[in-house]
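Only a predicted model underlies this, so the values are computations on that prediction, with no experimental measurement involved. Every chain is numbered from 1 and lettered A, B, ... according to where its sequence line falls, protein lines coming before strand lines.
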Amino acid sequence: MWMKIRRKQPFFQIFLWLYALVSVYPLIWMLFYSFKDNNEIFVTNPFGFPKKLRFENYVSAMTEFNVPKYFLNSVFVSVVTVIGTIAIALLFAYAVARMRFRGKTLAQMYIVIGMFVPVQVIMIPLAILVRDFNLTNTYWSLILPYIAFNVSFSTMVFYGFFRSVPFDLEEAACIDGANIYQTFYRIMLPLVTPAIATMVIFVFLAAWNEFPIALMLISDEDLKTLPLGLLFFQGQFTTDWGAMGAAMTIASLPTVLVYILFSEQVEKAMTVGSAVKG
Amino acid sequence: MNKFLGNKIAITLFIAPALLLFTVLVFWPIVQVFYRSMFEWDGLTEGTFIFLDNYKRMFEDSLFYTSLYNGLIFAVILAVLQISIGTVLALTVSDGLIKGRKILRISYFIPVVLSITVVCQLWLAMYNGEYGLINKIFEALGLSYRQDWLTDSKTAIFAIALVNAWQYMGYHFALLLAAARSIPEQYMEAAKIDGAERWKAHWKVTIPLMAETYKFCLVLAITGGLNAFANMYIMTGGGPGTSTYTLTYMMYRSAFRVGEFGYGSASAAFLVIECLIVTFAINRLIARDRIVY
C-alpha cells in the first residue's frame, strides 16, 4: 500500500524539492554574493560558492554605513514593543476574560476592530497625530503605534488562554487572602506562559520587520530601523553588490536565527491567527 | 468573590492602558480617515469641507482605476499562487512519506521571517536586466531570453506580485499543513478504502474539511494584495510611469508627496470599505457552517 502510493507520487516529491530550491536558493545566492566582489558576481562565478571569502564586504557594511546603528535601533524598538504589547494585552485580556464588570464584551469587541483594519490605511491621521504630539523623529513615534497595532491580536490570543483556566483558582486565591494583583501575577501569569512565548515571537517578528510606519514617521538617520535604513543602500551600493549583500545578511540574521532555533514555535506563533480570526 | 473579581480600581488599571492606546492610535485615526476624506486639506491648516467632492474626483481619476486594477491583479496572483502551490506542498508533506520533511518546512518558511526591504532588494538584484540571477539562469541554460522585468509597464505588476507570493508562500503552507494535520485519520482512511486515488481523496475529503483555513488564507491573500504598498515603494516607486500604483501607494503619494491629505484619505477610506466587503463576502460564501468533526 505504502509502496504503491510512493510510486504514484514521484511528481509531487520532485515538486516539493524543486519548490524548496526556489524558496531558499535566492537567499543562498545572497549569502554567497555577500562574500564576492563584483567581478565574481557578474562574470566569473554568479551562482556558486565564493572562491574566496571576502569578509571585507562585512567590514565595509559595518564601518562605512550605519548598519550597527540601524541594528541597535531595531533591537531597542522591537524589545520595547514586545514588552509593552505583552504587558498591556495581558492586563486587558485578564480583566475581560475573568473579572466581572459591565460592558466587558463590548470592550473586547471594540479592541478586536483592530484586527480587521490594515495598518497602512491610517497612515495619514497617524502622521498628523505624531506631529501634533511632538513625537516626530523619536523612538516613541514607532513604539507606541506598534504596541497599539499589536495589542488587538495579542489580546485575542491571551483571552482564549485565560478562558481555558478553571475559575476555582481565583476562588482559592481569594479564600487564601491574596488580592487581585497577586492572583494575576503569581497564579495566572505562570499558567499562560506558553501563550506569552508565542506572542513574544509574533510581536518581535512584526516589529523587527515593520516598514511602512517607519518610512512615514522616521526621517532622522540616527533613529532609522533596519528595514528603513537598508532601503537606501540600493542607491549607494549599486557599484558594490558585495557590501549590500553583507548588510542584508546582517539584517536578516536575528530573525532567521530565531526561526531556525525555534522553528516549531515560530510557525505556531505566525499561524495562531487562523484559529482566532477564522 | 464578586468583590474580588469586581474590584473597580483593578479593572480600570487593567483595561485602561490598552483602551487608551488603541483609541488614540487606531480607532481615532480610522474615524479621522473617513472624516478627513471629506475635506480639501493640506495637513497643516483646518481645511475646507467639500463633502463628497474628493470621491467624485477619485471616480474620474484614471490613476484610481489603475490602482484599483493593480490591487485586484496583485490579490488574484497571491490568492491563486499561494493557495494552489501551498495546498500541493502542504498535502504532500502531510502524507508523511517524504524524507527530509524538516528541511523542506524550513526552506519554505524562511522567507516569511525576512524583512520586506531585504526581500525586495534581493529581488531587485535578481531581476536586474544585466547581472540579475534570473537573466543569468536563462544565459546559463543557453537561452538568449533577456528581459528587464521591472521596467516594462505591462509585466512590472506581475513581477512585483510574484515577489510577495514567493515571500509568504511558506506562511500559507504552514497554515494549510496545520489544518491538514488536524483532520482525523479515519477520514483519509475512509477515502482510501473506497478506492479513491489520493488526490481525488484530497479533493473530495481533505480540502473541504479545511474550508475554514482556506477562508482565512483567502482573506489574507486578497486583503494583502489590495493593500500592497511596500513592494512597489521599494521596487518600482509606482512606475514605470504609474503602472504599479495601488490604492495605498496612491494614498501615500497624495498625502506625503503632493500634500493632498484629504484626497489621500479618500483613497484610504475606499480601501477600508473594499477590504471589509471582501472579508465579509468570503466569510459568507465559504463554509457558512463551522465544520464539526
Side-chain angles (χ1 to χ4, degrees), chain A residues 5-6 12-13 15-16 19-20 23-24 26-27 29-30 42 46 88-89 91-92 94-95 99-101 107 111 114 116-118 120-122 124-126 128 144-145 147-148 151 170-171 174 180 205 209 211-212 216 226-227 230-231 234 248 251-252 255-256 259 263 267 270-271 274 277-278, chain B residues 1-2 4-7 10-11 14-15 17-18 21-22 25-26 29-30 32-33 43 88-89 92 97-98 104 106-111 113-118 121-122 126 131 133 136 171 174-175 178 198 212-213 215-216 223 227 229-230 234 248 255-256 261 264-265 268 271-272 275 279:
Chain A
I5 294 165
R6 195 190 279 266
F12 292 106
Q13 301 250 6
F15 182 78
L16 284 193
Y19 191 79
S23 183
V24 94
L27 304 173
W29 181 64
M30 178 175 88
F42 299 154
I88 288 176
L91 291 172
F92 183 85
Y94 177 73
M99 296 183 76
R100 294 170 191 170
F101 61 100
I111 292 278
F116 297 94
V117 176
Q120 290 106 312
V121 300
I122 60 171
I124 294 173
L126 195 63
I128 303 284
L144 293 176
I147 295 176
V151 98
E170 270 117 337
E171 256 168 67
C174 180
I180 187 83
L205 287 176
N209 288 334
F211 173 73
M216 272 172 248
L226 274 169
L230 286 189
L231 193 58
Q234 196 61 27
M248 297 199 324
S252 308
T255 53
V256 170
Y259 174 61
S263 53
E267 281 174 40
M270 297 293 286
T271 52
S274 70
K277 279 195 192 182
Chain B
M1 208 45 203
N2 257 332
F4 184 75
L5 285 177
N7 183 336
I11 291 168
F14 282 7
I15 68 171
L21 213 58
F22 181 80
L25 291 169
V26 180
I30 300 172
Q32 281 284 306
V33 163
V88 173
L89 298 177
T92 316
L97 301 165
I98 308 291
L104 288 172
I106 290 184
S107 313
Y108 300 152
F109 204 81
I110 275 190
V113 303
L114 296 182
S115 147
I116 198 156
T117 313
V118 168
Q121 302 205 111
L122 173 60
M126 306 223 317
Y131 308 119
L133 180 65
K136 286 279 178 202
Y171 189 52
L175 286 169
R198 202 161 189 87
E212 283 290 328
T213 304
K215 202 164 80 178
F216 182 69
T223 54
N227 280 305
F229 167 73
I234 300 168
T248 317
F256 299 98
F261 282 69
S265 298
L271 196 58
V272 175
C275 286
T279 308

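With A/N209 contributing its side chain and B/I116 its backbone, the two residues share no donor-acceptor pair below 3.5 Å. Judged by distance alone, with hydrogens and angles left aside, the side-chain atoms of B/Q121 form a donor-acceptor pair with the main-chain N or O of A/L230 at under 3.5 Å. In this structure, A/T255 contributes its side chain and B/L114 its backbone to no donor-acceptor pair below 3.5 Å.
Your options are B/F229, B/F22, B/F261, and the one with the most heavy-atom pairs under 4.5 Å with chain A is B/F22. In terms of heavy-atom pairs under 4.5 angstrom with chain B, the leader among A/I128, A/L226, A/L16 is A/L16. The greatest number of non-hydrogen atom pairs below 4.5 Å with chain A, out of B/V26, B/N7, B/T248, is found for B/V26. Top candidate by heavy-atom pairs under 4.5 Å with chain B, chosen from A/V24, A/V117, A/V151, A/V121, is A/V121. If you tally non-hydrogen atom pairs under 4.5 Å between each of B/T279, B/L122, B/I234, B/V272 and chain A, the highest count goes to B/L122.
With a 4.5 angstrom heavy-atom cutoff, B/A178 does not touch chain A via any of its atoms. Looking at A/Y19, both its backbone and its side chain come within 4.5 Å of chain B, counting heavy atoms on both sides. B/F256 touches chain A through its side chain: at least one heavy atom from C-beta onward sits under 4.5 Å away, while N, CA, C and O do not. Heavy atoms closer than 4.5 Å to chain B are found in both the backbone and the side chain of A/I124. With a 4.5 angstrom heavy-atom cutoff, A/I111 touches chain B via backbone and side-chain atoms both. Residue A/V256 touches chain B through both its backbone and its side chain, counting heavy-atom pairs closer than 4.5 Å.
The shortest non-hydrogen separation linking A/A148 to B/L21 is CB-O, 3.9 Å. Closest non-hydrogen pair, B/Y108 versus A/S23, comes out as CA-OG, 3.6 Å. In terms of heavy-atom proximity, B/L25 sits nearest to A/I122 at O-CD1, 3.6 Å.
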Go through A/I180 and B/L5 one step at a time and tell me if the side-chain contact (heavy atoms from CB on, under 4.5 Å) criterion holds.
CA-CA 7 Å; A/I180 187 83; B/L5 285 177; 3.9 Å; yes
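Using cut-offs of 30° and 60° for the angle between ring planes, the B/F14 and A/Y94 rings count as perpendicular.
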